[in-house]
Number of protein chains: 2
Amino acid sequence: MQQKAAIPVTIGHLKSACSQCNLRELCLPYGLSNPELELLDEMVGTRRKIKRHTHLYRSGDSFEAIYAIRAGFFKTDVLLEDGRDQVTGFQMAGEILGLDGISTEHHSCNAVALEDSDVCVIPFAKLEELSRQVTALQHNFHKVMSREIVRDHGLMMLLGTMRAEERLAAFLLNMSQRFVARGYSQQEFHLRMTREEIGSYLGLKLETVSRAFSKFQDEGYISVQQKHIRIIDIPGMRKLLNHQSPE
Amino acid sequence: MQQKAAIPVTIGHLKSACSQCNLRELCLPYGLSNPELELLDEMVGTRRKIKRHTHLYRSGDSFEAIYAIRAGFFKTDVLLEDGRDQVTGFQMAGEILGLDGISTEHHSCNAVALEDSDVCVIPFAKLEELSRQVTALQHNFHKVMSREIVRDHGLMMLLGTMRAEERLAAFLLNMSQRFVARGYSQQEFHLRMTREEIGSYLGLKLETVSRAFSKFQDEGYISVQQKHIRIIDIPGMRKLLNHQSPE
DNA sequence: CCGCCCGTTTGATCCACGTCAACGTGCCCG
DNA sequence: CGGGCACGTTGACGTGGATCAAACGGGCGG
């Protein structure tokens with residue numbers, strides 16, 4: 001983004017600088033003082049470029065660091081022995097990847113880039129060390145983990161109680177909201193994932209996802225052109241969520 | 001359990017003692033040295049008794065502490081505006097409740113005791129303070145949060161990809177495993193929750209849960225007598241999980 | 001000890017979504 | 001520029017689990 005290296009690198013030994021990062025309001029540096037930010041800059045060792053459709057880490061990899069997404073888009077998924085898998089999340093700039101690895105010292109899911117991406121590598125041992133000294137960092141980190149838990153509960157709710165169209169509406173509104181927080185349009189965006197990945201995330205088959213997209217378009221809620229989505233009627237979409245329960 | 005107070009109390013000002021607790025291998029004290037345990041004892045201010053069917057906290061309550069279950073059994077659930085709700089977890093002795101509250105300083109789910117229970121109140125500010133000094137505590141706490149995230153991913157997998165009988169099998173094996181870790185029988189236990197609560201947790205209706213119980217019994221996997229379950233064929237149950245995928 | 005009530009079981013029917021199949025469509029590479 | 005291929009759409013049909021309904025059983029209060 002800032003400079004294009006003449007030699008292609010997969011692991012860039014560029015220094016990151018949290019103090020300069022325009023995502024710091026969304027990420028671990030939030031609310032830190034300048035001297036504290038400098039400590040954080042030291043801790044975040046390197047950045048790493050991840051090409052589209054390659055893994056940042058795989059289930060079973062030993063856990064050493066968490067990753068802050070500087071630019072790009074990821075999915076995480078888990079795999080069952082029998083081959084079934086499920087997308088557990090889509091992550092965008094400013095969000096943290098790798099928290100699943102802390103519990104066992106090994107990652108328990110795969111993280112795959114859905115577009116060429118750029119992450120800050122945060123060695124976990126150093127994070128723990130620094131968060132013993134910087135209270136605000138410690139607190140931010142705890143909030144990040146807790147937010148992940150709350151997010152997961154929301155997804156469980158979706159998977160456990162919602163019907164297909166509600167799930168897709170919830171998904172689109174969630175995307176919209178996250179794009180807004182990053183300064184993009186609320187109603188118009190580009191989805192980086194396939195219908196199958198959306199389906200896996202929402203516990204639906206890709207055909208069902210496709211049909212729901214078509215239905216929303218027919219009813220004037222959205223306009224769909226491949227992966228390009230425009231939400232025409234946001235309040236209408238919201239109503240889809242709350243009202244129509246089968247009981 | 002140890003002594004019955006003459007006066008009924010809901011908030012007991014009994015000192016807890018992590019150093020004496022027989023659950024310390026499952027809980028935050030794991031691996032701490034004796035002097036560190038004493039610091040922990042100081043931090044854990046009080047214990048609190050929660051009667052069956054009463055709330056430990058409610059969604060929206062301001063967040064001040066997390067809770068370690070000393071004895072008893074809880075469920076957590078989230079509520080949608082339209083009245084639909086979903087059980088997001090069942091918690092037993094040695095497990096931690098309340099982590100959802102860190103992110104917004106308010107709880108985002110309800111915690112209800114399914115039997116008379118007893119929890120250690122861990123003021124969160126003090127926990128953060130102490131975990132800045134005691135590395136092992138800090139690390140344990142991070143592991144507890146991460147474990148919760150991994151658990152949630154497993155549940156998402158269940159809700160997103162498994163059929164009814166697989167879900168129930170997974171649920172029963174999970175219960176069994178957690179009872180073993182607490183020194184109870186692997187094959188025989190008492191469920192504290194109703195069929196409806198199991199259904200809500202598994203994303204099924206209570207009738208479906210009931211039918212699956214009956215089917216398992218007919219096929220000789222388990223014997224069911226109300227809430228009392230005996231698993232007869234554990235390896236058989238495990239096979240139910242992996243093999244029979246529809247694709 | 002009886003009767004009520006909540007939780008559970010079981011049966012009959014329905015329907016949302018999965019499955020299978022065919023056809024479009026944008027895009028990359030030769 | 002054209003052919004292949006992954007991704008997406010749409011249709012016809014099947015089915016697992018929801019829904020509706022009725023009856024059962026066990027625990028508890030009177």
Side-chain angles (χ1 to χ4, degrees), chain A residues 51-53 75 83-87 112 114-116 158-172 190-219 222-229 240 244-247, chain B residues 52-53 75 83-87 112 114-115 158-172 190-219 222-229 240 244-247:
Chain A
K51 283 235 160 291
R52 188 168 121 100
H53 291 161
K75 70 167 178 183
R84 281 179 290 181
D85 70 341
Q86 165 114 1
V87 172
V112 182
L114 296 184
E115 62 181 26
D116 290 0
L158 178 146
L159 291 167
T161 73
M162 290 188 186
R163 34 197 53 238
E165 286 168 30
E166 293 177 284
R167 294 185 197 194
L168 188 65
F171 170 73
L172 291 173
H190 185 83
L191 296 174
R192 326 295 156 113
M193 69 294 278
T194 66
R195 299 289 189 259
E196 184 165 21
E197 286 163 334
I198 296 172
S200 171
Y201 181 64
L202 299 177
L204 301 169
K205 291 288 142 178
L206 66 94
E207 294 93 330
T208 306
V209 173
S210 179
R211 277 185 247 274
F213 269 122
S214 302
K215 181 125 182 275
F216 284 170
Q217 179 160 247
D218 292 349
E219 290 172 349
I222 62 176
S223 110
V224 186
Q225 215 154 7
Q226 299 290 118
K227 295 187 168 166
H228 189 89
I229 307 292
L240 285 179
Q244 53 163 86
S245 112
E247 66 196 58
Chain B
R52 188 166 120 102
H53 291 162
K75 70 167 178 183
R84 283 180 289 183
D85 70 341
Q86 166 114 0
V87 172
V112 182
L114 296 183
E115 63 182 25
L158 179 145
L159 291 167
T161 73
M162 291 188 186
R163 35 197 52 238
E165 286 168 30
E166 293 177 283
R167 294 184 198 194
L168 187 66
F171 169 74
L172 291 173
H190 184 83
L191 296 174
R192 326 295 156 111
M193 69 294 279
T194 66
R195 300 288 188 261
E196 183 166 19
E197 286 163 334
I198 297 173
S200 171
Y201 180 64
L202 299 177
L204 301 169
K205 291 288 143 178
L206 66 94
E207 294 95 328
T208 306
V209 174
S210 178
R211 277 185 245 272
F213 268 123
S214 301
K215 180 126 182 274
F216 284 171
Q217 180 160 247
D218 291 351
E219 291 173 349
I222 62 177
S223 109
V224 187
Q225 215 154 8
Q226 298 291 117
K227 295 186 168 166
H228 189 89
I229 308 290
L240 285 179
Q244 52 163 82
S245 109
E247 66 196 60

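Here is the naming used below: chain letters follow the sequence lines, and residue numbers restart at 1 for every chain.
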>> Does atom CD (B:Q217) have a neighbourhood of more than 12 heavy atoms from anything else shown, all under 6.0 Å?
In response: yes

> When you look at CD of A:E207, are more than 12 heavy atoms from neighbouring residues, nucleotides or ligands closer to it than 6.0 Å?
Replying inline: yes

How long is the line joining [atom1] of [X] and [atom2] of [N], in whole Å?
{"X": "A:D218", "N": "D:dT9", "atom1": "CG", "atom2": "P", "answer": "12 Å"}
{"X": "B:M193", "N": "C:dC6", "atom1": "CE", "atom2": "C1'", "answer": "18 Å"}
{"X": "A:I229", "N": "D:dG8", "atom1": "CD1", "atom2": "P", "answer": "10 Å"}
{"X": "B:Q225", "N": "C:dT8", "atom1": "CD", "atom2": "P", "answer": "14 Å"}
{"X": "B:E196", "N": "C:dT9", "atom1": "CD", "atom2": "P", "answer": "13 Å"}
{"X": "B:M162", "N": "D:dG17", "atom1": "CE", "atom2": "P", "answer": "13 Å"}
{"X": "A:R52", "N": "D:dA6", "atom1": "CZ", "atom2": "C1'", "answer": "11 Å"}
{"X": "A:I198", "N": "D:dT9", "atom1": "CD1", "atom2": "C1'", "answer": "14 Å"}

>> So B:G203, base contact, sugar-phosphate only, or nothing? Heavy-atom distance under 4.0 Å.
In response: sugar-phosphate

>> Classify A:L206 by what it touches in the nucleic acid, base, sugar-phosphate, or nothing, heavy-atom distance under 4.0 Å.
In response: base

> Got A:F171 and A:L168 here, is their nearest side-chain heavy-atom distance under 4.5 Å?
Replying inline: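 When only atoms from C-beta onward are counted, A:L168 and A:F171 do touch, with a gap below 4.5 Å.
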
> With a 4.5 Å limit on heavy-atom distance, are the side chains of B:F213 and B:L172 in contact?
Replying inline: yes

Of the nucleotides [options], which has the atom closest to the [X] side chain?
{"X": "A:T194", "options": "D:dG8, C:dG7, C:dA21", "answer": "D:dG8"}
{"X": "A:A164", "options": "C:dA12, C:dT19, C:dC17", "answer": "C:dC17"}
{"X": "A:R195", "options": "D:dG16, D:dC20, D:dT9", "answer": "D:dT9"}
{"X": "A:Q226", "options": "D:dA18, C:dG26, C:dC17", "answer": "C:dG26"}
{"X": "B:R211", "options": "C:dA12, C:dG18, C:dG26", "answer": "C:dA12"}
{"X": "B:S210", "options": "D:dT10, C:dG18, C:dT8", "answer": "C:dT8"}
{"X": "A:K227", "options": "D:dG26, D:dC7, C:dG7", "answer": "D:dC7"}

> Minimum heavy-atom separation for A:K51 to A:D116, with atom names?
Replying inline: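 Closest approach of A:K51 to A:D116, heavy atoms only: NZ-OD2, 3.4 Å.
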
>> Taking A:R211 first and then A:E165, would you say they form a salt bridge - that is, a charged N and a carboxylate O separated by under 4.0 Å?
In response: no

> Hey, is B:E115 close enough to B:R52 for a salt bridge, meaning N to O under 4.0 Å?
Replying inline: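 Not counted as a salt bridge, because no side-chain N and carboxylate O are separated by less than 4.0 Å.
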
> Taking five pairs at each end of the helix from C:dC1-D:dG30 to C:dG30-D:dC1, what angle separates the two helix axes (nearest 10°)?
Replying inline: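 Roughly 40°, once rounded to the nearest ten degrees.
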
> Toward the 5' end of DNA chain C, which comes first, A:V209 or B:T208, by nearest nucleotide?
Replying inline: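 Taking each residue's closest nucleotide, the earlier one in sequence belongs to B:T208.
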
> In Å, rounded to the nearest 0.5 Å, how long is the span from CG of A:L240 to CE of A:M162?
Replying inline: 11.0 Å

